[in-house]
Trainee: 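The structure under discussion is supplied below as structure tokens; questions concerning it will follow.
Here is the naming used below: chain letters follow the sequence lines, and residue numbers restart at 1 for every chain.
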Amino acid sequence: MEKGFSPVGLRVLVVDDDPTWLKILEKMLKKCSYEVTTCGLAREALRLLRERKDGFDIVISDVNMPDMDGFKLLEHVGLELDLPVIMMSVDGETSRVMKGVQHGACDYLLKPIRMKELKIIWQHVLRKKLQEVRDIEGCCYDGGADWFTQGQFLGGGEDVSFGKKRKDFDFEKKLFQDESDQSSSSKKARVVWSYELHQKFVNAVNQIGCDHKAGPKKILDLMNIPWLTRENVASHLQKYRLYLSRLEKGKEIKCYSGGVKNMDSPPKDAEINSGHQSPGKSSSYAFLKATETDPKQLASASVSDPTSDVHMPPKAKKTRIGFDPPISSGVFDSLLPWNDVPDPLESKPPILYENSFLQQQPLPSQSSYVANSAPSLMQEEMKPSYVNPDEFLMPQNKNSTVILQDMDLSAPFSSNATSNTESIPGSLNWELPEAHHSGSLDTDLDFTWLHGEHFFANSGLQNFQFQDYSSSTSLLSELPPHLWYGNDRLPDPDEYTLMVDQGLFIS
Amino acid sequence: LMTAKSLASKETVNGRCWFYSDDDDGISVYLNRELHAMNTVVAQLQTQFQDYLVSLYQQGFLDNQFTELRKLQDEGTPDFVAEVVSLFFDDCSKLINSMSRSLERPENVDFKQVDSGVHQLKGSSSSVGARRVKNVCISFKECCDVQNREGCLRCLQQVDYEYKMLKTKLQDLFNLEKQIVQAGGAIPQHFPSYTILRPDIRPCLDA
């Protein structure tokens with residue numbers, strides 16, 4: 001499928017709570033001939049992605065967003081949808097970038113972002129596709145699961161790549177070669193799991209959904225491929241589960257000992273929230289794929305107990321993920337190998353952990369955005385106390401203790417400039433007619449796009465003067481011709497020093 | 001020489017000038033004069049525009065990101081820059097208001113919220129190249145970090161001043177653009193470079 005790979009028409013989803021950046025990025029991406037969808041909220045982005053499962057090729061997201069941490073979004077996208085995600089931020093601190101890498105970002109861009117950086121984001125899409133193909137092809141082997149139990153694969157925990165979402169292809173290959181030396185004598189015809197075949201497999205698995213028993217027989221039936229045997233599917237299923245589990249491993253999680261063997265037997269005391277799972281049983285949880293529980297589970301497990309096998313996080317750390325909309329089984333490929341996962345505490349479908357960022361709590365800082373009135377440019381006074389949203393719509397009184405009252409801007413500005421600003425109140429009224437009455441988070445971060453027309457609505461052809469536009473008429477004449485950039489290319493900074501050295505700048 | 005008789009009339013339709021005359025010579029002479037006059041006006045406006053633009057860079061109001069924005073604008077989206085800065089100013093207003101509320105009561109300042117607001121403002125200002133606003137944000141963040149309410153209030157006031165100042169400046173610039181277009185001219189595709197115009201300052205200060 002990489003045969004005729006072209007970056008044109010790449011379907012990009014941009015997520016950023018800053019409306020200015022969102023608009024700019026949209027424009028830039030369009031200039032790259034990509035197909036752009038923008039989103040101001042992380043939750044909205046997730047919803048979009050889930051709705052249009054194959055609708056996007058790549059996601060670009062800011063790190064700081066009000067409703068959800070960018071890294072969380074990154075995790076979800078990576079786990080559920082397996083799309084490449086690029087993070088963006090103003091902040092380029094090492095720890096942040098590191099966090100991005102750990103959570104599986106395929107790139108981290110610093111704002112302000114340049115066109116040249118966006119022009120090559122398609123490489124991440126292509127790379128991922130290539131890796132997928134390699135992984136699938138590397139999965140071919142004779143069947144038989146004995147090598148799983150040898151712990152050989154799992155014992156090589158150190159080889160599990162730090163922060164990488166994709167398996168180390170070479171490691172995998174080596175493993176399979178080793179295995180073929182030690183496998184049982186029975187040699188079955190090699191099944192080549194092509195990409196199409198694997199897709200059918202995945203579709204079948206998804207269809208069965210989180211109905212606990214995504215068993216080989218069922219999958220085989222759904223796939224409806226006459227020459228495929230149950231054994232083929234079974235072995236592929238095992239590998240797939242492992243593959244999924246590795247997607248979720250953080251850097252500190254070591255291997256699961258005695259893993260796969262137990263996967264078909266439901267743990268007796270499946271108290272998921274108890275935190276007292278034996279290693280053998282805890283390994284079965286490794287095969288939860290893309291349930292929202294897992295990132296939290298594994299992440300907190302890794303934090304709490306880095307040196308030993310994965311344990312269930314202690315009860316105190318249990319979190320619930322209350323997604324909106326509620327999780328449906330078709331949303332993710334969960335391959336719960338056991339029958340009944342008791343969910344003693346919650347009545348919702350497999351939600352085991354609570355995640356505060358997803359709770360519908362009114363965030364004070366957000367609602368403060370909602371009800372801003374700012375009637376005019378000249379009077380941005382503060383209300384003494386914020387009692388209820390409606391009060392904001394009323395004109396402010398003058399008894400504010402905050403300095404920002406009655407900013408008399410007429411002094412520094414020219415008279416004409418003042419009249420200009422006063423004539424454009426429209427651009428300052430930040431309108432959210434419905435949102436602050438609803439009180440929910442769903443609408444109050446609706447950044448209303450005030451269009452440029454409002455901004456200049458009242459500026460006609462005026463004979464304006466510039467406030468501090470001093471005698472610069474001579475400016476141009478002093479500029480040598482080559483400093484006039486009539487072309488599109490902005491010269492590199494290197495070129496500047498040359499010019500500067502020659503004293504060609506204006507003092 | 002052109003006499004009154006050879007003159008006909010001139011009409012401007014959709015920004016285009018139409019000259020009517022039954023005298024071919026009259027037309028050409030008239031045209032030449034008209035065009036010359038127009039060109040002069042346009043040229044003057046264009047010069048004014050470029051000078052003003054350059055001055056904004058020189059005085060540190062704008063940096064190279066604004067240049068990038070202007071480059072993004074094309075015939076299909078002639079108001080792109082204006083729209084983007086409009087969004088930015090709205091964002092400023094909103095953020096400043098909310099931060100102001102957080103700073104209101106001395107005994108109960110939500111510095112976390114203020115810090116978040118400053119961060120957003122910094123990101124926003126870096127998107128349009130609002131250099132002065134961005135620089136205030138840097139100081140602002142420092143005040144937040146040490147929970148200096150007085151300092152924060154000062155920075156808040158300053159950031160408010162700066163964004164409003166920039167708003168006025170850009171408004172003047174856009175008005176000039178409009179005048180040029182109205183006069184039948186093209187907006188100069190002049191992209192000043194911040195680093196050249198401010199050689200006293202080290203490059204890479206868009207940190």
Trainee: Are any non-hydrogen side-chain atoms of B:Phe88 and A:Pro19 less than 4.5 angstrom apart?
Mentor: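 No - every pair of side-chain heavy atoms lies 4.5 Å or more apart.
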Trainee: What part of B:Leu69 lies closer than 4.5 angstrom to a heavy atom of chain A: side chain, backbone, both or neither?
Mentor: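 The side chain, not the backbone.
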Trainee: For the atom pair CD (B:Gln120) and CG (A:Asp17), what is the distance rounded to the nearest 0.5 Å?
Mentor: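 The CD atom of B:Gln120 sits 5.5 Å away from the CG atom of A:Asp17.
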Trainee: Counting only heavy atoms not in B:Glu107 (residues, nucleotides, ligands), do more than 12 fall under 6.0 Å from its CD?
Mentor: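 Atom CD in B:Glu107 is packed in, count exceeds 12.
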Trainee: Using the salt bridge (Lys or Arg N to Asp or Glu O under 4.0 Å) rule, take B:Asp74 and A:Lys27 through it: C-alpha gap first, then chi angles, then the decisive distance, then the call.
Mentor: CA-CA 10 Å; B:Asp74 51 33; A:Lys27 181 77 176 155; 3.1 Å; yes
Trainee: Please give me the minimum heavy-atom distance between B:Ser126 and A:Pro112, naming the atom from each residue.
Mentor: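 Nearest pair, atom of B:Ser126 first, then A:Pro112: O-CB, 4.1 Å.
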Trainee: Grab the two heavy atoms, one from B:Ser124 and one from A:Thr20, that are nearest each other, plus how far apart they are.
Mentor: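 Smallest interatomic distance, heavy atoms only, reads OG-OG1, 3.4 Å.
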Trainee: So for A:Asn64, is it side chain, backbone, both, or neither that comes closer than 4.5 Å to the heavy atoms of chain B?
Mentor: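 Answer is side chain: those atoms of A:Asn64 sit under 4.5 Å from chain B.
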Trainee: Can you measure from NZ (A:Lys23) to OG1 (B:Thr77) and round to the nearest 0.5 angstrom?
Mentor: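 Going from the NZ atom of A:Lys23 to the OG1 atom of B:Thr77 covers 8.0 Å.
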Trainee: Please flag which part of A:Met28 lies under 4.5 Å from any non-hydrogen atom of chain B: side chain, backbone, both or neither.
Mentor: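 It is both, since atoms from each part get that close.
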Trainee: Taking it one step at a time, do A:Lys31 and B:Lys71 satisfy side-chain contact (heavy atoms from CB on, under 4.5 Å)?
Mentor: CA-CA 11 Å; A:Lys31 282 223 151 169; B:Lys71 285 189 197 172; over 6 Å; no
Trainee: Going by distance alone, is a donor N or O of one side chain under 3.5 Å from an acceptor N or O of the other, for A:Lys111 and B:Ser127?
Mentor: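 On atom types as modelled, these side chains do not qualify, holding no pair under 3.5 Å.
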Trainee: Drop me the distance from A:Ile113's CD1 to B:Gln65's CD, to the nearest 0.5 angstrom.
Mentor: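 Going from CD1 on A:Ile113 over to CD on B:Gln65, the span is 9.5 Å.
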